Amino acid sequence: MSVPRGSQVQKRLSSFMRKGLLEVPSPTEKDWPKDDEDDYVFVDLGQEPDSLPQPYRMINKMVDLLFDRCWEVIQERHALKEVELSQTQPTTYLPLVESKLNKMPNCMAISQDYVFIGGAKGFSIYNLYSAKRIYIWEKLKVDVTSIWATDLGNEILIAPVDEMGIARLFYFYKDGLFLIKAINEVMTLVKE
C-alpha cells in the first residue's frame, strides 16, 4: 500500500508548529527578526498528557504537593548545612603532658616559656613545654594571692603579692631566681 507523499509532509509540519502568524520575511537579511527561534515550539504529539479521572487527578496533585514540600525541606536543610560549614571552627589543641600540682593554685602568670603558679606559702616556676617544675620559692608563711610576670628580653621580672599585701620583686634569668626587694614589708622592732 502506498502512502501519498503529501500526508508525510503534513504530519511532519504538524509537529513543528509556529506560535504566531506566519510572516513573510523581507528580501534583505537586515530586516529579519533576531529572535526567530523564540517563535517556534517543538511539540511531540505522542507525548501529550492524558486526562486522568477525578480520584486519580486528586491523588496525583497530593503526590506532587508532597514531593514539593519534601523538596523544600531538603533545600532548607542543605542551606543550613552550608551555613554551618561556612562558619570557621576554632582550633583546639590537645594537651601534650598532664601535670599534677601538689596544692591548689591561687594565681597564675605566663611569660616567655615559663608558667608561674602562686599557691600556699610561696610560688613555683614550671617550664611551659615540658611541664617540669624548675624552681619553688616557699619562704613565706602566708599564701600568694596574686602574681605578675613581665619579659625584659631574656630576663623576667616576677612580682607575687601575698595575703598580707606584701609584694616582692624577683629577677629570673637563665634558670636563676633572685629576690630584689620586698615592698610594704612590716618591720618588727626588738626592745632592749
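Keep in mind that what you see is a predicted model, and the values were worked out from it rather than measured.
The distance from the CG atom of L85 to the CG atom of L80 is 11.0 Å, given to the nearest 0.5 Å. Y126 OH to I136 CD1: the interatomic distance, rounded to the nearest 0.5 Å, is 6.5 Å. Here CG of L66 is found 16.0 Å from NZ of K61. Values are rounded to the nearest 0.5 Å. The structure places CD1 of I166 at 11.0 Å from CD1 of I183, a figure rounded to the nearest 0.5 Å. Atoms CD1 and CD1, on I147 and I125 in that order, are 7.5 Å from each other to the nearest 0.5 Å.
When atom types are taken as modelled, the side chain of N106 and the backbone of V144 share a donor-acceptor pair closer than 3.5 angstrom. A donor-acceptor pair under 3.5 Å is absent between the side-chain atoms of D143 and the main chain of T145, judged by distance alone.
In the hydrophobic clustering of this structure, L152 groups with F178; members are Ile, Leu, Val, Met, Phe, Trp, Tyr whose side-chain heavy atoms approach within less than 4.5 Å, directly or through other members. Grouping the Ile, Leu, Val, Met, Phe, Trp and Tyr side chains by contacts below 4.5 angstrom, directly or via other members, places L179 with I158. Using a 4.5 Å cut-off between side-chain heavy atoms of Ile, Leu, Val, Met, Phe, Trp and Tyr, with links allowed through other members, I156 and L177 fall into the same hydrophobic cluster. Linking ILVMFWY residues whenever their side-chain heavy atoms come closer than 4.5 Å, directly or via other members, leaves L128 and Y173 in distinct clusters.
When all heavy atoms of I117 and P105 are compared, the pair lying nearest together is CG2-CB, 3.3 Å. Considering all non-hydrogen atoms of both residues, T150 and S111 come closest at C-OG, 3.9 Å. Of all heavy-atom pairs between V161 and A167, the closest is CG2-CB, 3.9 Å. Nearest heavy-atom pair, M108 versus V115, reported as atom, atom and distance to 0.1 Å: CG-CG1, 4.0 Å. For A120 against E138, the heavy-atom pair with the smallest separation is O-OE2, 4.4 Å. Here the closest heavy-atom approach between residue Q112 and residue E155 is recorded as NE2-O, 3.9 Å.
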Side chain to side chain contact (heavy atoms under 4.5 Å, CB included) between Q54 and R57, intermediate numbers included:
CA-CA 5 Å; Q54 175 54 36; R57 280 187 288 176; 3.2 Å; yes
Where do I180 and L157 land on the side chain to side chain contact (heavy atoms under 4.5 Å, CB included) test, with the steps shown first?
CA-CA 10 Å; I180 296 175; L157 283 179; 4.2 Å; yes
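In terms of the ring-ring contact (aromatic ring centres under 6.0 Å, His included) criterion, residue partners of Y114 (sequence neighbours excluded) are, by chain and number, F172.
Every pair passing ring pair (Phe, Tyr, Trp, His ring centres under 6.0 Å) that includes a residue from residues 141-170 is listed here, sequence neighbours excluded: F123-F170, W137-F170.
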